[in-house]
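Here is how names work: the chains are called A, B, and so on, in the same order as the sequence lines, proteins then strands, and each is numbered from 1. Side-chain atoms are counted along with the backbone in the values below, which use heavy atoms only and exclude waters and symmetry mates. Predicted, not measured: the structure shown is a model, and the values here were computed from it.
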Amino acid sequence: MAKRIDVSGLTAYYSAHKAIEDISMTVEPRSVTAFIGPSGCGKSTLLRTLNRMHEVTPGGRVEGKVLLDDENLYSSSVDPVTVRRTVGMVFQRPNPFPTMSIFDNVAAGLRLNGRYKKSELNDVVEKSLKGANLWNEVKDRLNKPGSGLSGGQQQRLCIARAIAVEPQVLLMDEPCSALDPISTLAIEDLIGELKERFTIVIVTHNMQQAARVSDRTAFFNLSAVGQPGRLIELDETSRIFSNPSVQATEDYISGRFG
Amino acid sequence: MAISTETSPAPPAPRKRVKQSTGRAGDKVFLGLSRGSGILLLVLMASIAAFLTYRSVLAISKDDTNFLTTFNWDPAAAKPTFGIAVLLFGTVVSSVIAMAIAVPVAVGIALFISHYAPRRLAAPLAYVVDLLAAVPSIIYGIWGALFLVPYLEGTNLWLDQYLGWTYIFDKTEVGVARSIFTVGVLLAIMILPIITSVSREVFLQVPRINEEAALALGATRWEVIRLSVLPFGRSGVISASMLGLGRALGETMAVATVLSPSFLISGHVLDAGGGTFAQNIAAKFDEANPLGRDALIASGLVLFILTLLVNGAARMIIARRKEYSGANA
Ligand SMILES: Nc1ncnc2c1ncn2[C@@H]1O[C@H](COP(=O)(O)OP(=O)(O)OP(=O)(O)O)[C@@H](O)[C@H]1O
Ligand SMILES: [Mg+2]
């Protein structure tokens, strides 16, 4: 179920602006890979190329390959809609469907995929909410709107929604940046549990978070503002934080940056 | 952190005071203005209602028959009789037909412009729609009388043939139909641009993050619309429809040009005859005697109340699911 991601020679543009250039890397299945780097270096852009969300942005364009196991996501025969059903995404700001109940939010992805019996939906919704550590807090109000939850609960609801369709990969773009420390901790614990089943990529600005949750860390940088971002190094998280092989990584991590 | 806590509570004292006082003066002016215009609006509404009611009572007290159920309009007769039954029926039915046609089409066009059309096409289309929304209704009226009425003949026959069994679409007479149905179609065309234009604006306001939520789940374009765009735009579309309905209820000249009025209520909407409040007022006001004018004003009061009721109902629909509106998202 969890799949390996192989990125090779990936360059992404916003119209004429080249945001990331020539990125090649491998993301191991059933592991957490963290993307770190200064603002504007293209972490979100790269993340969004992994489920073909980048091309949704007007002017968004991609060159290069992204292999999910052995299938190139960018080959002409692949439907981006199918890709997004396989590669789930959690956004920086919690974005439950505001008009839908908690139950319907979690069931939304399943309902897109086909017809399910009510009992099947019940099971999946319960399992996903439990998987997102939200079940106990919402089990008595599944029919209340998702937008009535706290920010941290909403973010866990979004995670439940994403995992309900059993994706192979889960992409998270700064999932805790809008949350308080306790909610953050809850989500970090959750990521630790989810990696048993999914391949997880997480973008974070929080070094401690990267160190806490990830197995491998990729550091990105850009030579100057307006220049495309590049992958500087990707290694075991423990190595990146103790003994990185590139000076720029060490400077960034120890805060001696720019 | 440390820097901000140090600087923010201790700005130079005099400057702070100056800044506050101008802020307060601005607030006061604004408060006065907004309160004043609010009161003015209420007073205006109340005096319109009072005027209409006063003149209506004058008229109705001189008429022995029931104002609400009489199928006749003859306030100049020795024994004046008039009633709004036909007008109410015609107004409601033509507006329902207009809304039933215009709202789905308008939402479709608005979605096409906002979410389907390539950008190069969307901009000029949006411009054209906004332009059409600004065209005075008399232009549509003339167009309707000259082109729509003859061309609707075929549509009427078709409806009669296939939907005649519904009674509503049973056409019992031959010839060009200057009917309530024709009025409804014409009204639909007239209110289409305004509903489209406002709906398009609303659909463009859907936050990107809401649409991306659906996209990231693997939603197709239509599914994004169903999951994110329509729920978000719902109250806006209702408001847009109310704008359109307001125009339809009050439309005068266009209706007067295409309808051949009569004081009959017929469930056969394809047959000629019937009337609407606005059309009846426009047609009769000039030659009416003082009692006739008061009678027309009484019918205007009913239109006024009808409009208030419809708007109230729309507000209730919007408010009923407010907790789901996303305002607290
Ligand atoms: N919608 C867009 N249109 C045009 N340029 C964009 C757009 N989004 C991002 N960019 C540009 O692409 C580059 C990479 O942006 P990206 O958002 O991927 O950076 P990031 O590493 O995620 O930054 P942050 O840490 O602040 O989130 C930046 O130069 C940015 O200005
Ligand atoms: Mg980002």
Measuring heavy-atom distances to chain A, does B:Arg226 have an atom under 4.5 Å in its side chain, in its backbone, in both, or in neither? side chain

Which heavy-atom pair separates B:Leu217 from A:Gly109 by the least distance, and what is that distance? CD1-N, 3.8 Å

Flag the pair B:Ser228 / A:Phe97 as yes when at least one side-chain heavy-atom distance between them is below 4.5 Å, and no otherwise. yes

In terms of heavy-atom pairs under 4.5 Å with chain B, which of A:Val165, A:Leu171, A:Asn95 leads? A:Asn95

What verdict does the side chain to side chain contact (heavy atoms under 4.5 Å, CB included) test give for B:Leu227 and A:Met100, after you've listed the backbone C-alpha separation in whole Å, the side-chain angles of each residue and the deciding distance to 0.1 Å? CA-CA 9 Å; B:Leu227 286 177; A:Met100 282 187 199; 3.0 Å; yes

Minimum heavy-atom separation for A:Met89 and B:Ala216, please, with both atom names. CB-CB, 3.9 Å

Check whether A:Arg161 gets within reach of chain B through its side chain, its backbone, both or neither, counting any heavy atom under 4.5 Å. both

Let me check something: any side-chain donor-acceptor pairs from residues 95-102 of chain B under 3.5 Å, sequence neighbours excluded? List them with distances.
unit_1, atom_1, unit_2, atom_2, d
B:Ser95, OG, B:Thr91, O, 2.9

Evaluate the criterion salt bridge (Lys or Arg N to Asp or Glu O under 4.0 Å) for residue pair A:Arg48 and B:Glu212; output intermediate values, then yes/no. CA-CA 11 Å; A:Arg48 290 165 62 91; B:Glu212 291 196 345; 2.8 Å; yes

Residues of residues 175-187 of chain A near chain B, each having a heavy atom less than 4.5 Å away: none

Looking at CZ of A:Arg111 and CD of B:Glu223, how far apart are the two atoms once the value is rounded to the nearest 0.5 Å? 13.0 Å

Pairwise distance CG(A:Leu112) to OG1(B:Thr220) - rounded to 0.5 angstrom: 7.5 Å

Toward chain B: residues of residues 78-86 of chain A with heavy atoms under 4.5 Å: A:Val81, A:Arg84, A:Arg85

Those residues of residues 187-211 of chain B that come under 4.5 Å of chain A on a heavy-atom basis, listed by number, are B:Arg208, B:Ile209, B:Asn210

